[in-house]
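A, B, ... follow the sequence lines: proteins, then strands. Residue 1 opens every chain.
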Amino acid sequence: MSQYGSGSGSVAAPPAPAGGDGSTGAGGRRRPRRGSASGIKGRQGLWGWLFVSPMVLVLGLFLLLPIGMALWVSLLNWDGQSNPFTGAADFVGTDNYSNVLATDGLDRTLFMTSVRNNLYFVLLAVPLQTILALALAVAVNSRRVKGKSLFRTIFYFPSVTSSIAISTVFLFLFQGSGAVNALLKWVGITGPKWFTDANGLVWTILGGLGIVDPDKPTAALASNGFLGLSWWDWLSGPSIAMCTVIMLIVWTSSGTYMLIFLAALQDVPAELEEAALLDGANRWQSFRNVTIPALRPVIFLVVTLGLIGSWQIFDAVYVMSQGAPGNTTLTPAFLSYTAGFGDSEYGRAAAIAFILLAIIMVMTLIQRVLLRDRDKPVRAGRRFGAVRRRAS
Amino acid sequence: MKKNRAATAAAVCGALLIAGCSSDFGSDSGAEQDSSEKQKLTVMIGSSGDAETNAVKAAAAAWAKKTGNTVTVVPAQNLDQQLGQSLAGGKPPDVFYVGSSVFANYAKGNSLYAYGDKLTDKDDFSATLRNSFSYEDKFVCAPKDSSTLGLAINTKMWKAAGLTEADYPKSWDDLTKVAKELTTDKVSGLVVNSSYNQLGPFLKQAGGWITNADQTEITADSPENVEALTYVKKLLNDGVLTYPKQVDAGWGGEAFGAQKAAMTIEGNWLTGAMTNDYPDVDYTVVPLPKGPADQGTLSFSTCWGVANKSSHRDAAVSLVEAFTTAEQQVTFADAYGVMPSRTSALATYEKRHPQDKAFVDGSAYAQGPVTLPGFTKVLEQFDTDLAGLAKADPRKILGDLQTNGEQVLKSNG
């Protein structure tokens, strides 16, 4: 508070003499200044509120108020056919949340299935798209590559194309007799029926190695479970169909993240890398020890954005699979949509949305802890310093 | 001080906004009725295409001319979602399509005006159809049309396999036999949607069904149902029955039209799709085979819902009356290939469309869909499980359906 006060006071002071309140400003140099400053600050506060009011109104009207209303709806058993803000509303407390999280039944099984699917989606899509985006950015940033702007445009193209259009194209590419399988046939591989294959990746790979039979779940895993899903289901990994969705998302989103990395790469001082090279570091070492640490805040940004985007995946699922096959592409966002508009259970839909919000927040926090710069700032500074000293 | 003022201002703004919003929702019960001479009505339909939209528009215009009212027909892109929004917003269209999957939800939510008993000659609608659109023993809304399932056969492939009319399958064994004979490297003998809407007849044919007759009990895990799904599973594992997605088709009709299937189980909407998309494919429709118990098929329909909140309910009912006269239904049937819901119109229909005899005959013994509030997700889960039937245990699938269904029934009270 005091910081705010003194800060704004000092900022407010200069225009004071020119303003209409010149008399108070001239009233004295020593103490009265405080009074004049607070008067101006008061007015300034008013103006400030006036200037931000359009945004406050827009945010309040289209963001805060709907969130508040949704929170209220998540506590109701509301079928969407009456006014939820009257006494007639059927208030059920936290039943919607407990149905989805605690009570054994279809609602929980569906939700937990969707969480499992999305968890695997995040585990694969976020690292893949970050690494791909970084690789693309480094490639495009390289001084030796010609026609960089062409490549930049090509790599960025999927990100600006409508996701609905891309999803539809993917549907055709990954048909049983589609282009991808035709290509695989050329090299002698019989491709799977991508969008109809509900088998988990983990069991498929282990089955391929002859360790387990994907069609006959191990009794110990199948008969025991956690939160309404058997261990066999939890550990199955993303289905083949989900892998297709993951490929699509990695491909479309890496362009945007490439741009972010590119901007950051251009901020990494060239002399640092040169110094490292002079020091005898090879390209990989200089990338690993100079470029990556310099990019750390941007990596955090990209991973966070990727995490949030991945937990909200909806459009690709809506267009390509609607949760099929075997609910293996069901995501919490899509489940929330079907619960609301399909089953008319808007309370459950809103509850799922809020649980999703909580998941995203927790995941972001965990990731923040994991990506915290542990050897910062002393050692990183020292490393740079050492390099710089020796270079000079 | 300042903060407080701002907070108060925000709170007042918020309160005003909420008040504004809630006033828009209107009252929850029926609306005040408009009694003027010329009323303006809105009809929202989930149209199958231009043919249907134009037919409904023409019928609405004829009624409007006769009565002096005005009618706007709105074809919805996504009917369930758009209706959901307008019902939640308190300003639903006066007349709209209600599919049987959402009927119970709307009826339970008191959104539908129960006018069924006011209709002239309501017994002309078959008992199955009236049951499908009754809620708590009240006949709520008039069935728009009706559909039943039949077995469509590609005549060319049928002949090529050396089969004749005498071989039309009469029993499950016959079906297995002809499906095997029709299956080649490129063609699947039988392609059926992996949904209870198309596989449901097998449950009926075995003598089972998902619920009892008056939908007060779930009877999913009965031995009859297990027998039915075991039979379907065997067909799947023999490779003579495939699901559309396995042959890169969206639904049974597409696989059938693209000649990837020699037979399919679909309703009379197949007729329209075949005429429009695959006019060169010759086919014939025969009744579904008898199972161990009896004949069985499913009937589907949509009804003309009148909104409880409409302020033109009498005019809306009069409009629905005009939409459901026997003559109008035959006109609709000619325009976009649906079957009339009035029994009196069915005879005319059969005369004009002799190739659809199997569909018409089916309506005599067809089973209506499950119309329990909140049951949509249970049936969707059942469909998901059916898609994996080839590798799953029918007992487990039906057991899950039983548990899930009972849970919904219990929570409905």
What I want to find out is whether A:Asp107 reaches B:Lys377 closely enough, with some N-O distance under 4.0 Å, to be called a salt bridge.
yes

Applying a strict 4.5 Å limit to non-hydrogen atoms, the region of A:Asn99 in contact with chain B is neither

A:Leu184 meets the side chain to side chain contact (heavy atoms under 4.5 Å, CB included) criterion, sequence neighbours left out, with A:Val180, A:Asn181, A:Ile189, A:Trp194

Honestly, the part of B:Tyr106 sitting under 4.5 Å from a heavy atom of chain A is both

**Message:** I'd like to know if the side chain of B:Asn110 pairs up with that of B:Asn308 as donor and acceptor (distance under 3.5 Å, no hydrogens or angles considered).
**Reply:** yes

- Query: When you look at B:Ser195 and B:Asp383, which way does the side-chain hydrogen bond (donor to acceptor under 3.5 Å, both in side chains) test go after all the steps?
  - Reply: CA-CA 5 Å; B:Ser195 159; B:Asp383 281 356; 3.2 Å; yes

Whatever's closer than 4.5 Å to a heavy atom in chain A on B:Val378 counts as both

Bottom line for B:Thr403: the part with an atom under 4.5 Å from chain A's heavy atoms is neither

Turns out that what part of A:Leu110 lies under 4.5 Å from chain B's heavy atoms comes down to side chain

Ranked by heavy-atom pairs below 4.5 Å to chain B, first place among A:Gly80, A:Gly68, A:Gly342 goes to A:Gly80

Under 4.5 Å to a heavy atom of chain B? For A:Asp79 that would be side chain

A:Ile164 meets the side chain to side chain contact (heavy atoms under 4.5 Å, CB included) criterion, sequence neighbours left out, with A:Ser162, A:Thr168, A:Asp315, A:Val319

When the 4.5 angstrom heavy-atom criterion is applied to A:Asn77 and chain B, the contacting part is neither

Applying a strict 4.5 Å limit to non-hydrogen atoms, the region of A:Ser177 in contact with chain B is both

Worksheet item: So does A:Phe91 have more than 12 non-hydrogen atoms from other groups sitting under 6.0 Å from CZ?
Response: yes

If you tally heavy-atom pairs under 4.5 Å between each of B:Lys108, B:Gln85, B:Gln407 and chain A, the highest tally belongs to B:Gln407

Cut-off 4.5 Å, heavy atoms of chain B, and the answer for A:Glu345 is side chain

Whatever's closer than 4.5 Å to a heavy atom in chain A on B:Asn78 counts as side chain

Between B:Val192 and B:Gln198 the two heavy atoms that sit nearest each other are CG1-CB, 3.6 Å

query = Which class fits the ring pair A:Tyr318 and A:Tyr337: parallel under 30°, tilted 30 to 60°, perpendicular over 60°?
reply = perpendicular

